[in-house]
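To start, the structure itself, in structure tokens.
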Amino acid sequence: MDWGNVTAEDLIDALREVDWSSPPRPLNEFFSRFTIPRSLSKWNSRLKCNLYYYRTNYFIMIIFILGLGFIRRPLAIVAAVLTALSIAILNDSFAATFNEKVTRTVRQFSPHLAAKMRPSLTPVIRGRPSAKRAIHICGRPRWVFVLIFSAASFTLWFTSCALLTVLLAFVIGLLATIVHASLRTPNLKARLNTFREEFRAVWRNYSEL
């Protein structure tokens, strides 16, 4: 992939649709071989490639830095979890997995209620779905849960009075991510794994037709 031609919108869409259940990359790989990019175009391509390839590592690093800022404010930890959950639900893979686990848990206690949590069927025209399959959670569109979790997290942020601490920790986490993604030299393994994940995504979309 030529990461120089990938726009920010394409990168965001890829991060939204990619499977986040994969484990983080090993630390010896994550903290090895740092070089300064030779040009702005090289930096742009390297930044996008590393953000995509080390996405799980960056997410864990930001959560860890945020956790250090929440040591004296336990209520802010709950707010951070709800905020992270509302953002994670925007990812298709996470939302589908989250819905499956919630439905499976509810089915153990009430199979009748679990049956009601199934989403309505998408109409099919000429053997194909009439529109792109929408992601549902507990039988409701996922934006409903995004609003619920966002409203709850905002209330807890306001109650805990830790917004400035969180913003400072979040900025530090973002800066650390950008610095690492800018200096970490992409290796052949990263490119090969990127191609493999792209093939899996294309094959998954093809199999749903």
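A continuous path of Ile, Leu, Val, Met, Phe, Trp and Tyr side chains, each step under 4.5 Å between heavy atoms, connects L51 with L40, placing both in one hydrophobic cluster. Side-chain heavy atoms closer than 4.5 Å link hydrophobic residues (I, L, V, M, F, W, Y) into clusters, and following such links, even through other members, never connects V78 to F154. In the hydrophobic clustering of this structure, L175 does not group with I62; members are Ile, Leu, Val, Met, Phe, Trp, Tyr whose side-chain heavy atoms approach within less than 4.5 Å, directly or through other members.
Atom SG of residue C49 and atom CG of residue N44 lie 11.5 Å apart, to the nearest 0.5 angstrom. Atom CD1 in I137 sits 6.0 Å away from atom CZ in F145 (nearest 0.5 Å). Annotation: the span from R25 atom CZ to F31 atom CZ amounts to 14.5 Å, rounded to 0.5 Å. In this structure, the separation between OG on S150 and CD1 on I87 is 8.0 Å, given to the nearest 0.5 Å. Interatomic distance, CG of L90 versus CG of L85, reported as 10.0 Å (0.5 Å rounding). Expressed to the nearest 0.5 Å, how far CG of L183 lies from CG of N50 amounts to 9.5 Å.
Remark: W43 engages S182 in a side-chain hydrogen bond (donor to acceptor under 3.5 Å, both in side chains) (not counting sequence neighbours). In this structure L147 satisfies the side chain to side chain contact (heavy atoms under 4.5 Å, CB included) test together with W143, sequence neighbours excluded. Scanning for side-chain hydrogen bond (donor to acceptor under 3.5 Å, both in side chains) contacts around T35 gives R46, T185, with sequence neighbours left out. With sequence neighbours excluded, the residues satisfying side chain to side chain contact (heavy atoms under 4.5 Å, CB included) with I148 are V144. Partners of I172 according to the side chain to side chain contact (heavy atoms under 4.5 Å, CB included) rule, which considers only residues two or more places apart in sequence or in another chain, are I65, L168. Residues satisfying the side chain to side chain contact (heavy atoms under 4.5 Å, CB included) test with I60, not counting sequence neighbours, are P24, T56. Every residue was checked against the salt bridge (Lys or Arg N to Asp or Glu O under 4.0 Å) condition with R38, not counting sequence neighbours, and none meets it.
Counting heavy-atom neighbours within 6.0 Å of F64 CZ, excluding the residue itself, gives a total of 12 or less. Annotation for F170: atom CZ does not count as buried by contact number, only 12 or fewer foreign heavy atoms lying within 6.0 Å.
Identified under the side chain to side chain donor-acceptor pair (under 3.5 Å) test for residues 57-67, with sequence neighbours left out: Y58-H180.
Contact between F94 and A88 at its shortest, heavy atoms only, is CD2-O, 3.3 Å.
Counting only distance, with no hydrogens or angles, the side chain of R142 and the backbone of I89 share a donor-acceptor pair below 3.5 Å. No donor-acceptor distance shorter than 3.5 angstrom exists from the side chain of R184 to the backbone of L47, with no hydrogens or angles considered. Using modelled atom types, no side-chain atom of S45 and backbone atom of K42 make a donor-acceptor pair closer than 3.5 Å.
Y52 carries R55 over the face of its six-membered ring, with the cationic atom under 6.0 Å from the centre and within 45° of the normal.
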